[in-house]
Amino acid sequence: MIAIRGATTVEHDCAEEIKVAVGELLCEIRRENKLSDDKIVCIMFSNTSDLKSYYPAKAARESGFCSCALFSSLEPEIDNSLGKCIRVMLIVEKCGKPKHIYLNGAKSLRSDLTEKFAIALDGPAGSGKSTVSAIIAEKLNILCLDTGAMYRACALKCIECGISPEDEAKVAGIIDDIDIKVKYSDGKQITYLDGADVSVDIRKPEISMIASKVSALKCVRTKMVDLQRQIASENSCILDGRDIGTNVLPNAKYKFFLTASAEVRAKRRFDENVSKGYDEPYAEILEEIKKRDMQDMSRKIAPLKKAEDAVEIDTSDMTVDEVVNKIISLIQVKI
Ligand code: DC
């Protein structure tokens, strides 16, 4: 006999979701291990204490796993553990190597078993990319890489060195030695420029336009894209930017392109600025957003563009939660 392990997550503590997730997990284990029902001796489940709506064992029986012993138990509450998670162990009469199966957010539990995957989230300024990608990353327990922050750090470096972001020769002179790193603290990205945490400074309104200009330069893009690809090759992650689906990771498993009218995006940026204490009139923000769109879309290298295979979502009339749920549901369908 051998033991086969698996786990999955659900979005909500809801009976229907638990039933579907358990059914999917067991069917996948059965398929991948080429198991017939008479070979399954018993199935044992545990679930995190935030799932109270349904017994996974009952869900298994209802999914047709009736001829074996079934058992569910509750896990203790562990700080910072993956939430809404259902774990399973099957004891089966089978020889050979077991294939353990981890689905949805539970993929992160056994990254040694599961392939790394990337979600490309592109779109113009203010379309909601950063907010949405941070929440998705938390839900799926994957890394979130805000690639705009890297171009913003390059813009800051140009300002510090007194270099025009349009002077390619001079920018090329500093870009080789630029030291940009991203680290994570409590899941939040901290951006470092030459060893200093610049996460707050790069968000100042005056940086946006310079970042857009400097990001059009080949020397800058080559360096930043290398860094982004390296991070994506080491982690399952969601990257938000302008050219992730078209250029940085054209083979990303999931691609989304967020849009919203310029007016809605300007209002979002205005509200964000107010909350941070920056005082810039709405009309100016709107003007700048339109100009930046034009600049980002019309540059020669890797312009802002929807990848052909990306799913476009107009977020103008959607709440953040609605956008997040839509993306998660599309990802789960594709997984
Ligand atoms: O997303 P953001 O506003 O922080 O990005 C700032 C600028 O950086 C944006 O105007 C264009 C550039 N950028 C880019 O060219 N490619 C990316 N992947 C991300 C941002």
Side-chain angles (χ1 to χ4, degrees), residues 118-134 143-159 165-166 168 171 175 178 180 182 188-191 193 198-232 237-250 252 255-260 262 264-266 268-270 272-273 276 278 280 285-307 310 315:
I119 306 172
L121 190 62
D122 289 305
S127 54
K129 303 181 305 285
S130 313
T131 314
V132 164
S133 49
L143 214 73
C144 165
L145 181 61
D146 171 359
T147 61
M150 295 175 161
Y151 294 100
R152 286 172 179 271
C154 293
L156 198 60
K157 179 80 178 179
C158 288
I159 296 172
E166 283 155 310
E168 179 144 24
V171 175
I175 209 76
I178 200 170
I180 293 179
V182 296
K188 269 182 79 179
Q189 177 172 326
I190 319 266
T191 308
L193 172 62
V198 293
S199 313
V200 174
D201 291 346
I202 57 172
R203 294 288 144 208
K204 291 187 176 149
E206 61 270 24
I207 300 290
S208 306
M209 209 55 172
I210 302 174
S212 172
K213 284 190 176 137
V214 88
S215 71
L217 304 180
K218 185 160 187 261
C219 58
V220 173
R221 294 209 79 80
T222 305
K223 177 129 185 179
M224 295 306 113
V225 169
D226 277 354
L227 202 53
Q228 291 155 19
R229 285 184 181 145
Q230 191 197 321
I231 294 170
C237 53
I238 177 161
L239 294 88
D240 83 74
R242 303 291 188 286
D243 62 331
I244 309 300
T246 52
N247 176 48
V248 180
L249 301 172
K255 295 184 187 180
F256 298 94
F257 192 82
L258 302 191
T259 60
V264 167
R265 292 186 284 124
R268 286 176 187 162
R269 201 37 55 87
F270 175 77
E272 191 186 322
N273 284 354
K276 288 182 183 161
Y278 302 137
E280 194 183 357
I285 297 177
L286 178 60
E287 197 51 38
E288 193 203 282
I289 277 209
K290 287 182 178 167
K291 208 163 148 196
R292 196 141 71 96
D293 282 356
M294 191 51 75
Q295 224 165 249
D296 292 345
M297 286 188 299
S298 61
R299 69 173 178 232
K300 284 206 187 77
I301 314 163
L304 164 64
K305 202 170 97 186
K306 176 186 160 315
T315 68

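Remember, it's 1-based here, ligands and their atoms both numbered in the order they're listed. In this chain, numbering begins with 1 at the start of the sequence shown. Heavy-atom basis, side chains included; hydrogens, waters and symmetry copies ignored.
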Sub-3.5 Å N/O-N/O distance, Asp240 and ligand 1: no
Atom 19 (C) of ligand 1 [closest protein heavy-atom partner, distance rounded to 0.1 Å]: Thr147 OG1, 3.4 Å
Ligand-side contact atoms (ligand 1) for residue partner Arg203, heavy atom cut-off under 4.0 Å: 4 (O)
Neighbour count >12 (heavy atoms, 6.0 Å) for atom CE, Met294: no
contact_flag Met209 ligand 1 heavy-atom lt 4.0 Å: no
Heavy-atom pair with the smallest gap, counting every atom of Ala252 and Ala118: CB-O, 3.8 Å
Closest protein heavy atom to atom 16 (N) of ligand 1, given as residue, atom name and distance to 0.1 Å: Arg221 NH2, 3.0 Å
For Ile301 against Ala216, the heavy-atom pair lying closest together: CD1-O, 3.7 Å
Between Thr131 and Arg268: side-chain donor-acceptor atoms closer than 3.5 Å: no
Salt bridge present between Glu288 and Lys291 (N-O < 4.0 angstrom): no
Arg152 versus Ser208, side-chain donor and acceptor atoms under 3.5 Å: yes
For atom 4 (O) of ligand 1, closest protein heavy-atom neighbour: Arg152 NE, 2.7 Å
For Ser212, side chain to side chain contact (heavy atoms under 4.5 Å, CB included) partners two or more places apart: Arg292, Gln295, Asp296
Nearest heavy atoms of Gln228 and Ile244, plus distance in Å: OE1-CD1, 4.3 Å
Top protein contact for atom 8 (O) of ligand 1, by heavy-atom distance: Tyr151 CB, 3.5 Å
Under-4.0 Å heavy-atom contact with ligand 1, by part of Arg292 that carries it: side chain
Atom 12 (C) of ligand 1: nearest protein contact (heavy atom, Å): Ser215 OG, 3.4 Å
Residue portion contacting ligand 1 (non-hydrogen atoms closer than 4.0 Å) for Gln228: neither
Proximity flag Arg299 to ligand 1, non-hydrogen atoms under 4.0 Å: yes
Protein heavy-atom partner closest to atom 5 (O) of ligand 1 - residue, atom, separation in Å: Arg242 NH2, 3.5 Å
Listed partners of Arg221 passing side chain to side chain donor-acceptor pair (under 3.5 Å), at least two apart: Tyr151, Asp243
Side chain, backbone, both or neither: Lys213 near ligand 1, heavy atoms under 4.0 Å: neither
